[in-house]
Structure formats: C-alpha cells, structure tokens
Amino acid sequence: MNKHRPHVYVLPEDDANRSLANGFLLHPQLDLRSIQVLPNVGGSFKVRDQFESEHVVPMERYKDRNMILLLDFDETSNRHEIIAKVIPSHLRERVFILSIWSEPEDLTRAGLGSLEHVGSKLAEECKNETRETWDHALLRHNRGELDRMIPRIKKILFPN
C-alpha cells in the first residue's frame, strides 16, 4: 500500500469483527491496494487505546490515511462517544467508528449469513450507496457514520 495515496486502515476489535472486514475484502471490484485490515486488538477499549497511542501520529503524517474503528457496542448506548473522545478534532473527518449494536455473532444468529457474507454485502452496499443490510436493527445505529464515511471512502475503495 502506498501511504502517500488515499487508503483505509481497518482496526477490528476481535476475530469476529475481523471476519466481517475480511468479507468486505472479498468484493470483486474492491481496490485491494487501498485497504488494509489490521490485526485485532481484543476489546473495544483496546481499539480506542491503540488508535490513540499508535495511529494518531501516523495519521497526522499521512494525510491520505483514513481509519475505520470496527467494534462491538455490547448494547451500550454511549460507546460511540466514549471511543470518539480520543479522536483529535483535526482527524475526525478521516476516522469512522462502525459497530454492531451487540456483537457480530448476532448478525449470523439473525439470519444474515456468515460474518464474511455479511461483510461482502456491506461492501456491495458501500459501492452502490444502498443500505438494506445497514438498516438491520443490529447495524442501523451507524447511519451518521455512514453518511460521513461512504462519500469519502467509496472513491478510494471502488474507484471505477
């Protein structure tokens, strides 16, 4: 990945979130040179802490870097605000917090398919700017982040 060209890093909370992200990577029209899924960190607060300690300075250096913090909300209504507190105001337009209301495995239990399948559906919806899967009860709380994120990252991930 060329760090001086627009790109996206995904920082997943756990293996289940990483499976969602890996499903996103399966989309046949995705520019794989523009996205990297980082190793999972083992908890939503660890995502917050690792973002703050390891990614803020590089984001300041690489102005074309975008970050997706991918985590579980564990049915905690203020989780977004807790995580967002560590995002410096000058980076907010390039950092996005996406989550499952409870935990990713609930998407499978709700009949949406495997986590990889759900991830590939979310990629298709990003490309087409649709929201069928995103409007599911476990994901619809992401609307505001999607409104900010999709216009910015669609042209990076799906340039054609």
Side-chain angles (χ1 to χ4, degrees), residues 1-73 79-100 104 107 115-135 139-160:
M1 175 182 309
N2 184 339
K3 294 178 182 177
H4 300 286
R5 296 186 49 111
H7 61 281
V8 177
Y9 276 0
V10 180
L11 183 59
E13 172 179 335
D14 55 23
D15 284 336
N17 282 292
R18 187 171 173 81
S19 292
L20 276 172
N22 286 337
F24 196 97
L25 297 179
L26 296 174
H27 194 282
Q29 294 173 307
L30 182 73
D31 180 1
L32 289 171
R33 295 168 301 173
S34 64
I35 185 169
Q36 182 176 348
V37 178
L38 302 170
N40 68 57
V41 296
S44 58
F45 297 114
K46 289 183 180 180
V47 168
R48 176 198 63 195
D49 296 344
Q50 187 175 102
F51 171 77
E52 185 177 34
S53 67
E54 297 180 26
H55 295 284
V56 169
V57 171
M59 283 193 74
E60 291 170 339
R61 186 176 317 128
Y62 300 110
K63 304 297 184 198
D64 288 322
R65 177 166 298 166
N66 297 271
M67 290 281 305
I68 297 173
L69 308 179
L70 185 59
L71 45 100
D72 312 345
F73 269 12
R79 183 69 50 94
H80 186 277
E81 291 78 23
I82 292 169
I83 303 300
K85 284 181 182 178
V86 302
I87 303 170
S89 60
H90 64 284
L91 297 179
R92 286 212 172 117
E93 70 180 20
R94 297 189 286 134
V95 181
F96 309 96
I97 302 168
L98 297 180
S99 65
I100 294 79
L107 296 168
L115 294 175
E116 291 82 6
H117 177 74
V118 173
S120 69
K121 286 173 31 178
L122 296 175
E124 182 69 14
E125 291 181 16
C126 178
K127 178 185 172 291
N128 295 329
E129 297 186 44
T130 58
R131 303 251 177 115
E132 183 179 335
T133 307
W134 283 112
D135 280 339
L139 297 170
R140 72 172 61 119
H141 63 279
N142 291 296
R143 283 183 187 146
E145 288 296 275
L146 294 173
D147 289 345
R148 290 185 330 107
M149 182 186 77
I150 289 176
R152 183 171 185 90
I153 70 161
K154 178 185 172 186
K155 60 187 173 194
I156 299 168
L157 300 179
F158 300 100
N160 297 324

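Computation of the quantities below employed the complete heavy-atom set of this structure, encompassing side-chain atoms and omitting hydrogens, waters and symmetry-equivalent molecules.
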Side chain to side chain contact (heavy atoms under 4.5 Å, CB included) with Leu157: which of Ile35, Asn66, Asp31? Ile35
Member of Arg131, Glu132, Glu124 meeting the side chain to side chain contact (heavy atoms under 4.5 Å, CB included) criterion with Asn128: Glu124
What distance do Glu116 atom CD and Asn22 atom CG have between them, rounded to the nearest 0.5 Å? 7.0 Å
Looking only at heavy atoms, what is the nearest atom pair of Glu13 and Leu71, with distance? OE1-CB, 3.1 Å
Please round to the nearest 0.5 Å and tell me the distance separating atom NE2 of His141 and atom CG of Leu98. 8.0 Å
Do Gln36 and His7 touch side chain to side chain, with heavy atoms closer than 4.5 Å? no
Note: Lys127 and Lys154 closest approach over all heavy atoms is O-CE, 2.9 Å
Pair Leu139-Ile100, side chain to side chain contact (heavy atoms under 4.5 Å, CB included): steps then yes or no: CA-CA 5 Å; Leu139 297 170; Ile100 294 79; 4.0 Å; yes
Assess the residue pair Ile97 and Ile87 against the criterion (side chain to side chain contact (heavy atoms under 4.5 Å, CB included)); give the C-alpha distance rounded to whole Å, side-chain angles, the decisive distance to 0.1 Å, and a yes or no. CA-CA 10 Å; Ile97 302 168; Ile87 303 170; 3.9 Å; yes
Any chance you could measure Met67, atom CE, to Ile153, atom CD1, to the nearest 0.5 Å? 12.5 Å
For the residue pair Cys126 and Ile150, what are the closest heavy atoms and their distance? O-CG2, 3.9 Å
Of Arg143, Glu125, Arg140, which meets side chain to side chain contact (heavy atoms under 4.5 Å, CB included) against Trp134? Glu125
Should Asp64 and Lys3 count as an ion pair when the cut-off is N to O under 4.0 Å? no
Would you compute the distance between atom CG of Leu107 and atom OG1 of Thr133 and round it to the nearest 0.5 angstrom? 9.5 Å
Please give me the minimum heavy-atom distance between Arg148 and Arg92, naming the atom from each residue. NH1-O, 2.8 Å
May I ask you to decide if Lys63's main-chain N or O and Arg94's side chain share a donor-acceptor pair within less than 3.5 Å? yes
Sequence-distant partners of His4, ring pair (Phe, Tyr, Trp, His ring centres under 6.0 Å), two or more places apart: Tyr62
Taking the side chain as C-beta and beyond, is there a heavy-atom pair between Gln29 and Asn160 under 4.5 Å? no
If I take atom CZ from residue Phe24 and atom CG from residue Leu70, how far apart are they, to the nearest 0.5 angstrom? 10.5 Å
Under 3.5 Å donor-acceptor pairs involving side-chain atoms of residues 40-56, not counting sequence neighbours:
from: Asn40; atom 1: ND2; to: Asp15; atom 2: OD1; distance (Å): 2.5
from: Ser44; atom 1: OG; to: Arg79; atom 2: NH1; distance (Å): 2.8
from: Ser53; atom 1: OG; to: Asp49; atom 2: O; distance (Å): 3.0

Least distance between heavy atoms, Phe96 atom then Glu145 atom: CA-OE1, 3.2 Å
Regarding Ser99 and His80, is there a side-chain donor-to-acceptor distance under 3.5 Å anywhere? no
Nearest heavy-atom neighbours spanning Ala123 and Phe158: O-CZ, 3.6 Å
Spacing of CG belonging to Leu115 relative to OG belonging to Ser120, to within rounding of 0.5 Å: 11.0 Å
Compare all side-chain heavy atoms of Tyr9 with those of Met59 and state whether any distance is below 4.5 angstrom. no
Lys155 side chain vs Arg152 backbone, donor-acceptor pair below 3.5 Å: no
